[in-house]
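Before any comments, here is the structure.
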Amino acid sequence: MRPHRGECVVAPARDSRPEGWARRIVALKGNALQGSAGPSPGFSLGITGLALSLLLPLRSLPAQAIGQGVELERAGQYDRAASLYFATLRADPTNLAALLGLERVLPPLNRLEELLPVARRAAAAGPQRAALRGVLLRTYVALSETDSARSVALAWAADAPRDEAPYRDWAIALEDYHHHDAAREVLLLGRRAVGRPAAFAIELAELDQRTGDWESAAREWAAAVTESPAQLPNAAGDLSEAPEVQRERVTRVLTSGDPPAVTRRLAGELLLGWGQPQRAWDVFAPSVATPSADAAYALRRFADLAAASNTPAARRVGALALARFAEMVPEPLAVRARADAARAFLEAGDRAAARDVLERVARDSAAPADAQALAQSAVIEALIDGGQLDEAGRRLDAEGRLTAEGRAALRLRLAEAWVRRGDLDRAAQALARDSSVDALAQRGWIALYRGRVQEAQQLFKAAGPYAGHRRDATERSAMLALLQQIPTATFPELGAALLTLARGDSVPAVAALRLAAVHLETGGSGGGRPDILLVAGRVAARLGPDERRVALALFAEVVRTGGSGAAAPAAELEWARLLERGQRTAEAIQHLEHLILSYPGSAVVPEARRELERAKGAIPKS
Amino acid sequence: MKRREFLQAVSRIGGWAVSARLLAYYPPIRLSAYPSLLIPMDDAQSDHLKAYGVTYRVVQAGIKAEWLLNYRGGSFLVPDGPAIRRDATLAGVGFEAVDDGQVAGIRGEIEANNMDAVPLEKAPKVAVYVPPNAPPWDDAVTMALQYAGIPFEKVWDFEVVAGKLPTYDWLHLHHEDFTGQYSKFYLIYAGAPWLAEMVRFNGDAARRLGFETVPDLKKAVARKIRDFVENGGFLFAMCTATETIDLALAAERVDIAAAFADGTPMDPQADRKLDWTRALAFTGAHVEPNPQIASFSDIDGHQVNAGPRRQPLGAFKLFNFSAKIDPVPTMLVQSHRQVIPDFYGLTTSFVRDRLKPSDLVLADEEGAPWVKYIHGDHGKGTWTFFGGHDPEDQQHQIGDPPTDLSLHPHSPGYRLILNNVLFPAAKKRELKT
């Protein structure tokens, strides 16, 4: 969250507000607070009191009065509500709902001091009731009567030696008035008094966070999660907000010496979130060395968190976690976990590890059929990605456990891999028995790479706009628009150039496209020449500095010779983008303006206008 | 866009025998004898917001334009010329070339209906009150000005105290909390580094300018702004600035700032001591006495951050005025939509009971006890207050990305902002209401 200075803002409706931990404590007591954005103690705790008051047994008349009071509060008639509450207390001095009502309505009326005598009376009449003492304590704090507040709190603590409530309520009250240091002292005092080293650890951690002492916050959270491992997600959520400069210190606090397993897990989660997946695993792994239900849960959680991160390293450690998880859980779960681990290894680029895991699943006759199919599919994918296309093809033919859709997808992937290898015959062979639109689209590309322009057009049209992903469809449409301008039925030079591009040889592909364009010009009417040069320019623009200079020249040529076709404005837009990337903004602006003015009907004008606005700083860069 | 280019373009198109230079010495005349361009502002327009920028630049170049109030959504009539066409085309602003006959037809329609043609003769010099370290995407008005391509300068406390406001025609205020309480952000964002920086920055400014506290500084700034209006300036304020500037003016000798702002608690008798005769728009308001409540006073109807007091958003409706009799409010409400979805701000709306009788209500929420958009005179100048933070961001929170106006080129809410920028360009004699 990077805030701007001084924006007119609406408060966030989540639990990171100053009194967040106070609300959490109250929630632990079984009360639910409304999601109010109001920070006032009268409102935030009063709402707690409102919830509490609704749980208490009420006699009918006072209950009616309280109900009326609440309605008056809602209508903003605090004066009348206060009168009702006072009247209730005259009849029943220990009526908690009335006291809490006054605690809510008197501050906006600037009459909080009127609460004191009734609160004192109530506490004196019912000293065994913690809630009444709480009201008195909070009132003293709100009125800045420090000594009286202290006296009430200590008396309460003396009556209930091991009870944390006096110190907690006292600290909450101080915190609500932003007396952070005093709140901390109270909590430390309470910790000593109740004799539990981890007492108030969460509250102290949040105080530390507020004042920017993340090291201390980490220490407190470590104590909190050691005592209550269920707090680990809260700890991770809070500590993850530590500024970058503090993260190493936080990590050191959590990992120094021989920390307990739960603290290691906390450190592991944080490091994962902070973009250090391998280190996260190194810290985390010892905490799951011994199989247990607890360790299995932690591994699953770690794997899920790793999966949320989009880096190969994170996927890899996620895969490690899943593989370890598979060793701790019963078979059906284990098989699924291994398949997931294999997929994660593949996505991380670790084919060897993926294959090891998958072979195990594929060999496991006890594994469920769908898991085996999944594993077999992943093995074939791994073979394709590893370049073992013959072996992949053989397994694809032999493997009977694959689903029809899975098999079709693998055939397509195999065909693409053959294309990348340059073997168009094997690519076509892989798709021989496939009549899907995806296969038609791929066959269209194969035909094009063979230079069969007309055949490619027919296949692309037959495939339609729904084959493959949207990006594939867009690419196909763009290519179809180009092919439709080529006057001949075949164009081997273009096919060869595009195949070079498909194989990833971008630099030779640019040269080949330029040669193809020359051939088109000398051989025929020149139709499609600017579009081919535009393709070449776009490829070159993504490469190194030398090729980018070539791109600029190509775009200039297309603009100069493109005539009234679509290629010229598209080339000018690419030209401007390339200049803008090279910080040549003034020149980029000139080209964008030229484009807008010279080709008003072009489909790229809206894009050009947006680029122009961005270049001129008229809209924020996004 | 150079004035010379515009003039040359006009002289070529119009076929006048006079030089562009001579045009500058002739009194302004209606160019209805020449072919013109109509920039429609109804649903035919492709970019309503940039249309204001095109018109502003025409006027800035010394060419007279006309604002055709209530005609096709408040359209503009400018002279035809390659430079103007170029500017409009680049901006994506739609225009229609109209010949003399068509112009005559337009004028006839204007005459026969609740419409008027107001000459725009001088582009106002625009200032935005904002700290020097604020990013450009900080408020709706600077975003609108950037998007429309209307130049502006930034001023802050140093410039205001040094007396630089009179060099501008138009001043915008947005986020500033003129009560000096940092918008009470500490209640929600205590400990946040940016808040600490804001406190440090303002405290430093107060010291350097010779004020004991930030509230004292902001009150002095508020008085300077009021003087600017009194001497003929145009003030446009949104969000927090609307409510707090008046609170600061009314509390000239009263401490209404909480202890965290100036070290002393607010005066418990503050309400009784406020002098509303010093304020611009509001009267009889009650200052929020509780420093723990994120509200300034009961001027704001929605009380967005005051917990149970918060009111839900509805929609507000622009009033209709007589264009010929009340051109100023008519200019301020020009829009192609009459009902506009509401949007929050630290000050979202203005409770009716807190308005001065002389305030002119330009838009309100039907049936609600508050209004949204108000206008009034003060001395020789005028002020306009528009509640809320960003018309295209109903509930803006710190950290949210800035609004990209290229995605809202037809925003009726932003049109209201730009109406305020352009209306000072109208000929002086037309501004009487």
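Each chain gets a letter, A, B and so on, in the order its sequence line appears, and its residues count up from 1.
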### Query
Would a 4.5 Å heavy-atom cut-off, applied to side chains only, mark A:Lys616 and B:Gln146 as touching?
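Side-chain contact under 4.5 Å: no.
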### Residue part contacting chain A, namely of B:Ala91, when any heavy atom lies under 4.5 Å
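The backbone, not the side chain.
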### Message
Using every non-hydrogen atom in the two residues, find where B:Pro289 and A:Pro108 come nearest and quote the distance to one decimal.
### Response
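Smallest heavy-atom distance, with atoms named: CG-O, 3.6 Å.
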### Task
Answer yes or no: does atom CG of A:Asp181 have more than 12 heavy-atom neighbours from other residues, nucleotides or ligands under 6.0 Å?
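No, because the 6.0 Å sphere around CG of A:Asp181 holds 12 heavy atoms or fewer from other groups.
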### Neighbour count >12 (heavy atoms, 6.0 Å) for atom CZ, B:Arg272
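No - once you tally the heavy atoms of other residues, nucleotides and ligands closer than 6.0 Å, there are 12 at most.
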[X] side, atom [atom1]; [Y] side, atom [atom2] - distance, nearest 0.5 Å:
X: A:Arg610; Y: B:Ser406; atom1: CZ; atom2: OG; result: 3.5 Å
X: B:Arg85; Y: A:Leu597; atom1: CZ; atom2: CG; result: 12.0 Å
X: B:Gln269; Y: A:Asn110; atom1: CD; atom2: CG; result: 9.0 Å
X: B:Leu90; Y: A:Arg609; atom1: CG; atom2: CZ; result: 7.5 Å
X: A:Ile619; Y: B:Thr403; atom1: CD1; atom2: OG1; result: 12.0 Å

### Query
Charged N to carboxylate O under 4.0 angstrom, B:Lys50 versus A:Glu613?
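Looking at A:Glu613 together with B:Lys50, the answer is yes, because their closest N to O distance falls below 4.0 Å.
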